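Everything numeric in this text was worked out from a predicted model, so none of it was measured. In what follows, every heavy atom counts, from backbone to side chain, and hydrogens, waters and symmetry copies are set aside.
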Amino acid sequence: MYKSKGIQAYRKDSIKSDLASADPHRVIQLLMQGALEKLALGKGCIERSDWEGKAAALTRASEIINALRDALDRDVNPELVDNLESLYEYMIIRITEASIAKDTSILDQVMGLILQIKGAWDQISTADKQAAYEGQTEARVGAV
């Protein structure tokens, strides 16, 4: 029991320190990873008939996906943002359906979608990240 709590406390501290020093790209990666972890936890809860745990995990997964949606920058690429907003909304609907139906295959589908987005996000080169940050900084300075 104490060992598990110690591991959880370490993970929370590790994530907090990672977030404290993370660039915006890394924050999105951490959010996606968090959503995947909560979906996997929700899936395990369904398999164990842990309905309270399922509700907590899937609610948190939906909150993380909402945070990803809120982080989208419409000024950069409006068409891409529209597509991602629709996809994130679809994921939230599917998570709700999975929770109601207690259907882990739906969660597998949502996890697959997140993995595809995360895979593309992980492929962004350092040079492209730097160019994006510089573009955002220039846009903010120009708006002032």
Side-chain angles (χ1 to χ4, degrees), residues 4-5 7-144:
S4 177
K5 284 186 179 182
I7 291 170
Q8 289 174 351
Y10 171 78
R11 285 194 71 220
K12 283 183 183 178
D13 287 343
S14 177
I15 291 170
K16 284 179 184 176
S17 69
D18 200 4
L19 276 171
S21 63
D23 61 44
H25 181 268
R26 181 70 180 137
V27 170
I28 298 301
Q29 286 177 313
L30 291 169
L31 286 171
M32 289 183 194
Q33 186 61 42
L36 289 168
E37 289 172 5
K38 292 303 178 186
L39 289 166
L41 179 60
K43 183 178 172 180
C45 288
I46 289 171
E47 291 167 350
R48 292 185 307 278
S49 299
D50 174 3
W51 309 130
E52 185 176 330
K54 171 203 64 118
L58 297 183
T59 296
R60 186 66 184 127
S62 293
E63 290 170 348
I64 293 169
I65 292 170
N66 274 325
L68 287 166
R69 185 174 54 195
D70 292 344
L72 295 171
D73 186 353
R74 180 164 300 286
D75 295 333
V76 174
N77 186 335
E79 184 179 348
L80 177 62
V81 168
D82 287 343
N83 291 337
L84 284 171
E85 279 183 332
S86 295
L87 187 57
Y88 289 146
E89 183 62 32
Y90 173 77
M91 288 181 199
I92 291 167
I93 290 167
R94 294 298 284 161
I95 291 169
T96 301
E97 291 171 351
S99 182
I100 292 168
K102 300 175 182 86
D103 186 343
T104 60
S105 67
I106 297 172
L107 296 179
D108 288 335
Q109 178 197 29
V110 174
M111 291 168 67
L113 292 170
I114 294 172
L115 284 168
Q116 287 180 352
I117 297 169
K118 186 176 183 315
W121 193 257
D122 292 344
Q123 297 284 326
I124 297 172
S125 71
T126 303
D128 287 340
K129 286 189 281 186
Q130 187 61 36
Y133 300 146
E134 289 170 5
Q136 288 175 344
T137 301
E138 288 173 12
R140 286 187 195 121
V141 170
V144 174

Assess the residue pair Asp73 and Val81 against the criterion (side chain to side chain contact (heavy atoms under 4.5 Å, CB included)); give the C-alpha distance rounded to whole Å, side-chain angles, the decisive distance to 0.1 Å, and a yes or no. CA-CA 7 Å; Asp73 186 353; Val81 168; 5.6 Å; no

In sequence, state the C-alpha distance, the side-chain angles, and the governing distance for Glu97 and Asp103, and then conclude on side chain to side chain contact (heavy atoms under 4.5 Å, CB included). CA-CA 8 Å; Glu97 291 171 351; Asp103 186 343; over 6 Å; no

Show the numbers, then the answer: is there a side chain to side chain contact (heavy atoms under 4.5 Å, CB included) between Ile64 and Arg60? CA-CA 6 Å; Ile64 293 169; Arg60 186 66 184 127; 3.9 Å; yes

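Pairing each heavy atom of Ile95 with each of Ala61, the nearest pair is CD1-CB, 4.4 Å. The shortest non-hydrogen separation linking Gly42 to Ala57 is N-CB, 3.6 Å. Of all the heavy atoms in Gln29 and Asp122, the pair that sits closest is NE2-OD1, 2.7 Å. Across all non-hydrogen atoms, the minimal contact from Ala98 to Leu107 is CB-CD2, 3.6 Å. Contact detail for Ile92 and Ser62: the closest heavy-atom pair is CD1-O, 4.1 Å.
Expressed to the nearest 0.5 Å, how far CE of Met91 lies from CG of Leu84 amounts to 8.0 Å. Atom CE of Met111 is separated from atom CZ of Arg94 by 14.5 Å, given to the nearest 0.5 angstrom. The distance from the NZ atom of Lys118 to the CD1 atom of Ile28 is 11.5 Å, given to the nearest 0.5 Å. Distance check: Leu113 CG to Tyr88 OH gives 10.5 Å after rounding to the nearest 0.5 Å. The CD1 atom of Ile106 sits 12.0 Å away from atom CD1 of Ile93, with the distance rounded to the nearest 0.5 Å. Remark: Asn66 CG to Glu89 CD distance equals 7.5 Å, nearest 0.5 Å.
Judged by distance alone, with hydrogens and angles left aside, the side-chain atoms of Ser86 form a donor-acceptor pair with the main-chain N or O of Asp82 at under 3.5 Å.
Proximity of Glu63 to Thr59: side-chain heavy atoms (C-beta onward) are separated by under 4.5 Å at one or more points. Considering only heavy atoms from C-beta on, Leu87 comes within 4.5 Å of Ile117 through its side chain.
The ring-ring contact (aromatic ring centres under 6.0 Å, His included) analysis of residues 91-123, with sequence neighbours excluded, yields the pairs His25-Trp121. Pairs passing the salt bridge (charged side-chain N to carboxylate O under 4.0 Å, His left out) check and including a residue from residues 39-56, sequence neighbours excluded, read Lys43-Asp108.
With Leu36 as reference, Leu115 is the one residue of Leu31, Leu41, Leu115, Val110 to meet the side-chain contact (heavy atoms from CB on, under 4.5 Å) rule.
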